[in-house]
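First comes the structure, then the notes that go with it.
Positions are given from 1 along the sequence. In listed order, ligands and their atoms are each counted from 1. Only heavy atoms go into these numbers, but all of them, side chains included; no hydrogens, no water, no symmetry mates.
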Amino acid sequence: PNVIAILNPKGGSGKTTLAIHLAYALKEHGRTLLVDADIQGSARDWSAAGASGLPVIGLDRPTLDRELQAIGGDYQWIVIDGASKVEKMVASGVKAADMILIPVQPSALDLWACAPLVDVIQARQQATDGRPAAAFVVVRAKKNTSIAREMRRAVEGYGLPLLTHTIYDRTLYARAITEGTTVQAMDAASEAANEIRLLTNRVLEAFD
Ligand code: ADP
Ligand code: MG
């Protein structure tokens with residue numbers, strides 16, 4: 001399977017929202033599993049709240065990478081919704097991943113808080129000839145602001161790219177999650193669904 005981990009040790013950074021929407025989109029491109037690595041169980045709560053058709057399992061111990069090897073074979077895509085705060089869980093997610101997306105809200109403070117995660121990722125990349133690939137994704141961007149350039153400058157020191165695809169702050173995301181569904185399922189023609197499609201295409205290209 002191709003394993004994509006959504007990681008950011010900061011709670012409330014947008015991991016679960018991004019993981020659910022990406023996994024739901026990847027489902028159109030092969031069997032997809034969403035792995036809830038957070039003991040809070042938000043992705044499992046989302047799954048129970050609706051009928052998305054997306055399989056969700058909880059693997060919230062630091063043996064995540066080994067457990068995934070045992071069960072992952074049935075899937076083409078696995079998306080890990082990362083834990084907040086628990087360092088061992090983050091390290092295990094880094095080990096399990098082929099690609100890491102780090103959702104970050106458009107603020108330097110949020111970016112700086114990712115420094116320890118970036119260190120773990122880069123240590124892993126050095127030990128394994130560059131795997132996993134990793135990039136920041138700006139989420140909850142405000143309309144009509146041009147934070148992009150500032151973020152791009154702030155991110156330069158980290159040695160990880162910032163995807164040009166941005167996820168905006170839209171109430172549709174929160175509504176969809178509350179109802180156990182996704183923005184794509186609620187309104188396939190919405191701007192939210194469109195930005196998820198663009199991000200998903202970017203991920204698919206990376207695995208081509
Ligand atoms: P994490 O999993 O990192 O703790 P969540 O995905 O639970 O983060 O998001 C934290 C909060 O931000 C939630 O209230 C969620 O509804 C909201 N949120 C996340 N992404 C967006 C977005 N793109 N637009 C609007 N609200 C968002
Ligand atoms: Mg979460």
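- Taking each of Ile177, Asn8, Thr16, Thr166 in turn, the one with a heavy atom nearest to atom 2 (O) of ligand 1 proves to be Thr16.
- Under a cutoff of 6.0 Å and an axis angle of 45°, Lys143 and Tyr168 form a cation-pi pair.
- Of the candidates Gln40, Arg140, Arg170, Gln105, Arg170 brings a heavy atom nearest to atom 24 (N) of ligand 1.
- Close contacts of ligand 1 with Ser13, meaning ligand atoms under 4.0 Å from a residue heavy atom, involve 1 (P), 3 (O), 8 (O).
- The part of Ile167 lying near ligand 1 is the side chain, judged by heavy-atom distances below 4.0 Å.
- Contact check on Asp38 versus Arg44 returns no salt bridge, with no Lys/Arg side-chain nitrogen under 4.0 Å from an Asp/Glu carboxylate oxygen.
- No side-chain donor-acceptor contact under 3.5 Å links Ser84 and Lys10.
- For Gly12, the heavy-atom gap to ligand 1 drops under 4.0 angstrom.
- Counting only heavy atoms, the protein never gets under 4.0 Å from atom 13 (C) of ligand 1.
- With respect to Arg61 and Glu67, no salt bridge is recorded, no charged nitrogen being found less than 4.0 Å from a carboxylate O.
- Per-residue contacts place Tyr168 under 4.0 angstrom from the following atoms of ligand 1 (heavy atoms of the residue considered): 22 (C), 23 (N), 24 (N).
- Of the protein's heavy atoms, Gly14 N, 2.9 Å lies nearest to atom 8 (O) of ligand 1.
- Of the listed residues (Leu18, Ile20, Thr17), the one carrying the non-hydrogen atom nearest atom 15 (C) of ligand 1 is Thr17.
- Applying the 4.0 Å criterion to heavy atoms of Lys15 picks out, from ligand 1, the atoms 1 (P), 2 (O), 3 (O), 6 (O), 8 (O).
- Counting only heavy atoms of the protein, atom 16 (O) of ligand 1 lies nearest to Ala174 CB, 3.7 Å.
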